[in-house]
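Input: a single structure, listed below in structure tokens.
Both counts, for ligands and for their atoms, begin at 1 and track the order of listing. Residue numbers count from 1 along this sequence.
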Amino acid sequence: MTGMSTPRSTSDPLSPASPASLTSSLLRARPYRFATLAATVDNPDPGHKDQYGSSSVPIYQTATFKGMGGQYDYSRSGNPTRSHLEHHIAKISNARHAFAVTSGMGALDVIFRLLKPGDEIIAGNDLYGGSNRLIGYLKEHGGITTHHVDTTDPETLLPLLKDESHKIAMVLLESPTNPLLQIADLEEIARLTKRYRPEAIVVVDNTMMSPYLCRPLELGCDIVYDSGTKYLSGHHDLMAGLICCDRDEIAKGIAFTINSIGNGLSPFDSFLLLRGVKTLSLRIDKQQANTILIAQYLDRLGFKVNYPGLASHRGKAVHDRIASGPGAVLSFETGDVALSERIVASTRLWGISVSFGCINSLISMPCLMSHASIDPAVRAARNLPEDLIRLCVGIEDPADLIDDLEAALLEAGAVRTVDEASTAARGERLNLERIGVGRADDLSKGLAGLGLDGTESAPGVCRPKVETIMTSAPGKVILFGEHAVVHGVTAIAGAIDLRCYCLAEARADGLISLVLPDMAYSQTWDPANLPWDKVAPFPPPLSAVLKSGPKGDVVPDQELLTLLANQYISHEAGQNLKAVQSAQAFLYLYMHVASVTGLRPSQTNTIRAGLPVSAGLGSSAAFSVSVASALLYSHGVLPVPGQQSPATPHSVESEHAHLVNSWAFVAEKVLHGNPSGVDNTVSSLGGAIAYRRAISGRQEQSLKILKGFDEVPFLITDTKVPRDTKTLVAGVARRKLEEPDTIIPLLDSIQRISDQAEQVLSAAGAHSRSEQVATLARLVEQNHSHLVSLGVSHPALETVRNKTRDQPWGLATKLTGAGGGGCAVSVVPDGFSNDSLLSLRSALADIGFETYSTSVGGRGYGVLVPPAAGSADEQVESAEGGVEANAIPGRKRFEEAPAEDLARWAESAGVWACA
Ligand code: PLP
């Protein structure tokens, strides 16, 4: 153990000249600055001179030492080469004690052994993946729980620090985090911890900074550790971990553990590391200077860059206070996973590798590499963008690094050149612009090509192309594969005949309104005041967007969403949050459809839900699909059925359903961030689908439409128990990591269930109707029991299951969706009498549940066909008693009808053309 007191280093500039007689001694009294300290290795034991005066520390490659009572006896307990290193690390870290072990994770393991069962840790929610893994182990085997909080806001620790019922013994921090480069105020968190929990130990993983840029002990923290594998060694040729602290009792505990378990660093690695540390400041100065240039370059191109060296970084002020430089790691988002993969694959100088801190520059996609061990669901819950690219910058010439990156961006199609000839001829860096956020003239070119740039269509407020239109879209149930789908298993989902309805009506005052009567919400906007300049144009050609809709990989623009939420969507206390989010999705969709057509129709959209909201029945997808279709018809993008041909159609073209689906997916992304696309696809197309998500390196996304069956009656029971889908999904993901032997066979078994369901629902004619229904009932039973084993059922769901299984009903029932509450579905065989159904529904109602008798596998989105011109239906009484042309019958009743009567009202309103 090393216990050297070292002078505090300083970087004060030289003071003005002193009287000549004093100058020399004053200058000698000044403490050395960091670069000098790092380059100068002292002997930890000044009394012992090397017998040959070697200028580099010798490698004492020995396990044992002869004699009794000497300073060293056995290398597990201590070794002179390691002592030199530990002394040196203590000196540059401004610490009283330092220890060298075999890896960064080894260091954290030693630190965790200061805890005892029952202790609790507060840790960041964006920790290095390996630290999370060890925390999971501690919980399982050591009885030590960890509370993850958002450490970018010190206040988030207060409830835990103040609540005495928690045995908080440690606070574990990283700043900046990897790979999101988020900043934790180490100083403030240490202060708060000392105030409320003087006995707790504040631990900092300082790997991203190294002692050159940040010395957390000086900020009041108790222990700091580094993965020496990174900057301290600098050459990716060894693994090491370093631990520093000031407090003697902590040092004693650490020394005891290292000696007991024997993970002290070997003599050879200690020698190598000592050599690396001498050039630490030199390397980081160069790496950091390069990184600043690269961050500015990417920022200028319009990428979202995470780097505390940029003025726009949220945590910059805090970081500048606690550290002396932004470091040499940055990450940036491209908005498209496939594009990021192409960029990474197209670089030549940048090595594709995990880790960082090396003198060579590295590029990686954390979600595919260093953080791939974290389940995708957990990554999503932590807001780790799948398209994120991390750059760990080395000491090469920055011009070469930028050239190589630029070539990769061009090759991958992330940017394109502007005025290439002139800039290249002048020998300047190419003038580039990002593809996908191109210049405004692309839009006008696109519109001109479509004949949409004439007088009537010039961007500006107008009447909708269609005065009044009503659309509807179904909700869905997941029949099989919920939860397992997150891990790559096929899920089967089917449309139900509970629907959402959207009525879009022209208005004359130039305004746009959204009315959600079921949520007592309405809002009106003046289109002239909306932030149109913030709507990024779609990549050309716009004719493709008009025909097929936005591509599936289009991600909503977070900046615009935030702007809409903050300045354009009213959000008063007590207002339904779902309504506020729906308004945001509506406005986002409206503005984007308008940005393609160039029209800003003045209209009122009234939307009603004939299905329960937040019950896992796809109400938000039904909302998105009904709104998207209403906008596409009223803005003239889709032709209204029945207007081209005199015959009244009963179905819409499948191309139209796909177009509606791709726009609805945009709204779904606004509402949910990163949805699978299953709900909107089922809602748009109807029937059922088999869906598998993409798992990188293992399987591509697949989506198969199942057409081999007629609607099957189902009873849906809403337990009304609210669910927390994210937590349930994350719980299964965590169990999969912690208990793979239990969870993976369950997932395999669910895959077999989905395979059988897919087969029976797609092979038309191969199975009789009664066989199909009997197979579904059997699979429903099996899948539910697996969901119980995954731990996502709920007592209320089990009550529903038991009741429906009771005689005389005997139905097969499973939970649907995330579980933990929400809904259950029961297969109703064809011979099941109406009386039995009524008696079962009333038995369920008696115990407080709400039921819906529905069918699965029916129609997709629909549009109410307007009455033919001149027909009697065309003349409809308006609210004021006058006559409206081409209106929807009983418009008033639509707004006021009880939700359960909406379907009946819609059927009586006229002929629907459906997908
Ligand atoms: N801490 C951080 C921030 C890391 O990035 C790593 C490794 O990538 C570690 C700790 C673990 O270090 P080691 O790989 O040396 O065990």
Side-chain angles (χ1 to χ4, degrees), residues 85 89 93 99-113 121 123-138 146 148 151 172-184 186 203-214 216 221 223-244 258 261 263-266 269-270 272-273 276-277 284 287 306 308 319 323 326-331 351-358 362-374 382 384 388 390-393:
L85 169 68
I89 294 292
S93 304
F99 304 89
V101 294
T102 49
S103 70
M105 289 319 304
L108 185 58
D109 184 33
V110 167
I111 295 166
F112 277 157
R113 287 174 198 237
I121 303 172
N125 55 11
D126 186 22
L127 285 186
Y128 168 61
S131 308
N132 272 323
R133 187 168 41 209
L134 195 53
I135 282 172
Y137 180 91
L138 279 191
T146 299
H148 291 277
T151 47
L172 176 61
L173 303 168
E174 266 181 55
S175 187
T177 59
N178 168 24
L180 287 176
L181 284 295
Q182 291 176 341
I183 305 301
L186 304 179
V203 179
V204 179
D205 178 342
N206 195 39
T207 308
M208 287 279 271
M209 291 279 92
S210 87
Y212 178 41
L213 297 180
C214 180
C221 304
I223 301 182
V224 54
Y225 73 99
D226 267 75
S227 165
T229 319
K230 313 290 185 318
Y231 290 107
L232 290 171
S233 108
H235 296 75
H236 277 187
D237 49 12
L238 66 92
M239 306 242 6
L242 289 315
I243 309 169
C244 291
I258 295 172
I261 64 176
N263 69 340
L265 195 62
S266 74
D269 286 340
S270 297
L272 261 189
L273 184 54
V277 172
I284 290 193
Q287 288 174 271
N306 306 307
H319 184 77
V329 176
L330 68 84
S331 60
I352 303 177
S353 171
V354 292
S355 201
F356 56 89
C358 182
L362 304 175
I363 188 167
S364 66
M365 281 182 73
C367 290
L368 302 186
M369 301 168 71
S370 52
H371 291 60
S373 66
I374 304 178
R382 292 195 185 151
L384 194 59
L388 195 74
R390 187 181 76 178
L391 298 180
C392 305
V393 183

Polar atom proximity, [X] to ligand 1 (N or O, under 3.5 Å):
X: E174; result: no
X: M239; result: no
X: Y225; result: no

Query raised in the report: Can you tell which part of M208 has a heavy atom less than 4.0 Å from ligand 1: side chain, backbone, both or neither?
Result: neither
Name the closest protein heavy atom to [atom], giving the residue it belongs to and the distance to 0.1 Å.
atom: atom 5 (O) of ligand 1; answer: F356 CE2, 3.3 Å
atom: atom 6 (C) of ligand 1; answer: K230 NZ, 3.3 Å
atom: atom 11 (C) of ligand 1; answer: Y128 CE2, 3.5 Å
atom: atom 2 (C) of ligand 1; answer: D205 OD2, 3.4 Å
atom: atom 16 (O) of ligand 1; answer: M105 N, 2.8 Å

Query raised in the report: Are the charged groups of D226 and K230 less than 4.0 angstrom apart, N to O?
Result: no
Query - Residue N178 vicinity, atoms of ligand 1 by number, heavy atom under 4.0 Å - result: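 Reading through ligand 1 atom by atom, the close ones are 5 (O).
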Requested in this report: For L273 and L85, work out which heavy atoms get closest and say how close.
Outcome: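 Closest approach of L273 to L85, heavy atoms only: CD2-CD2, 3.8 Å.
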